[in-house]
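Data block below; observations after.
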Amino acid sequence: MIWNTDYECLDRTGLSRHQGERLGRLIDVLYRRVPFYRKKMDAGGVKPRDIQGIDDIVRLPFTTKEEMREVYPYGLLAVSQQEIVEIHTSSGTTGTPVVDAYTAGDIEVWAEVMARTLSAGGTGRHDIVQNAYGYGLFTGGLGVHYGARRIGATVIPISGGNTKRQLALMRDFKSTILACTPSYSLYLAEAAREEGLDPARLGLKAGFFGAEPWSESMRGEIQQQFGVLAIDIYGLTEIIGPGVAMECEHQKGLHINEDHFYPEIIDPSSGTVLPDGQKGELVITTLTKDGTPVLRYRTRDITYLDRATCACGRTTARMHRVLGRTDDMLIIRGVNVFPSQIEEVILKVKGIEPHYQLIVERRNQLDELEVQVEMNESLFSDEIRNLERIEKTIEADLYATLNIHTKVRLVEPKSIARSEGKAKRIIDKRQL
Amino acid sequence: MSVKQISVFLENKKGRLAEVAKTLSHEKINIRALSLADTADFGVLRIIVDNPDRSLTVLKTHGFVAQVTEVIAVEVEDRPGGLSRILEVLDQDNVNVEYMYAYVEKSRENAIVICRIDDRERALQILEKNGIATLSAEALKAL
């Protein structure tokens, strides 16, 4: 189902014109009202009058996550605070969170793009949407909520976790749509079987999965276990939350809601825009956002674009499912984890060597992070319980910082490979 | 009197214990007694050797994390009730044994029990008071 044929199926010429107009308006506002962007544009020698069409976007400066953090909390606001009706932030686990402040109009746009997202997987007003994304500052929960409301579907706002209850409600209310992280869906399937329920007979028809990297094989698994259409959805707090892009029933790449979010693929080292089909870093500009618009945001997600019309009839550019990241950020069970955070925690423990390794595996459909730390003279004890205490202490410290459970393993000295250049800290064994 | 035990950190993977044994054998160091405590991740090897100081140096130069731990070596009659008596004595005075292991000397009638006790001095006094002999490093080496 296509929610908004006017825009989702707009011919490419019309779409470009629309994008150019919106970009011009955006630049005017940013230059006048957001000192952060005025400074950047001045530094780059570009004035609002230089932007005559969407192709001129390449003259504009990029925005990075670090810059967005530096202007926390209100530095990106393009309207007065009283026009803001809702604020979301990124988890802030790496330090300062990134703020997404929405005007009433922004929430309307969010509901619109999420209605498109849910429709693309077949959600209609008769459906019962079990929303197992976390509600709160995290954009996943409310994003899906607004979209389902816009469609007129019934939302069960159960939020994340509480697996037994998820299953009970799914069975009792006969949920037809599931929204959660892909790994959690498989955990639900497993829990269902343990309770003697066949996940395929729960009555679900589609699921909307995002917020962490996943693979085609995992999709196959989810589809088979639940007997659903498993739709990949993409979004990020820096832009709007979920609703940036979604697959349609053909599952041939994620349609970017291009009338609101303008995509570019760049070479991450040079910043040069790459042609369609070539892999690079995804960059997004919010064309219609009023509260906290973002210019050429560097997502650090690696993908490529295809602007050919899809079999579904949508003309919007499609991005391939995210292939990787330009930095070494790890996404563990939907939580962003940076090796630098782990390093910080480990190195605070007295006597720990600055050599460590992170091993990520997916066991029973859940991500597991093992942190290997080298044993040394000052840590060593002939008593097992003292050594176990070291492991437990670091695990507790990591949990306090990252909010995820890790497994700390003491290893022999020099057993972690040393590197002369950039250390290879991460071994990701997940088959994505 | 206390004796020196060598404790070595070992990752719980194939061949690590063999590596320690090989390292010591190259230096002609004899392992008199050993015990291995382990978890799923790692183990701690505790050994009584004929030359603890040399063993420590050798193991460290081979990259092992090792340390000297002072333990008590007690002679125990190699018959039913031998060990029980010592534990009773220590228990009466609330001395906690962290771990222990035993070995039997082929040339002697008594077994030797190695005890790791936090409050070593007090344990030694209690044992002495109860007429239980502890072995010195020299005595142990001479066996």
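Throughout, a chain's letter reflects where its sequence line sits, starting with A, and its residues are numbered from 1.
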State, yes or no, whether a side-chain contact exists between Asn364(A) and Tyr187(A) at a heavy-atom distance under 4.5 Å. no
Tell me the residues of residues 3-20 of chain B whose non-hydrogen atoms fall below 4.5 Å from those of chain A, in number order. Gln5(B), Ser7(B), Val8(B), Phe9(B), Leu10(B), Glu11(B), Arg16(B)
Interface moiety of Glu388(A) toward chain B, non-hydrogen atoms closer than 4.5 Å: both
Between Arg193(A) and Glu190(A), is there a side-chain N and carboxylate O pair less than 4.0 Å apart? no
Tyr99(B) OH: over 12 foreign heavy atoms closer than 6.0 Å: yes
Arg54(B) with Glu27(B): basic N within carboxylate O range, under 4.0 Å: yes
Can you tell me which portion of Leu387(A) sits under 4.5 Å from chain B's heavy atoms? Options are side chain, backbone, both or neither. both
Please state whether the side chain, the backbone, both or neither of Gln67(B) comes within less than 4.5 Å of a heavy atom of chain A. both
Test: Arg333(A) and Asp367(A) ion pair at under 4.0 Å: no
Does the side chain of Gln223(A) pick up a donor-acceptor pair with the side chain of Glu221(A) at under 3.5 Å? no
Between Asp382(A) and Arg46(B), does at least one N-O distance fall below 4.0 Å, as a salt bridge requires? no
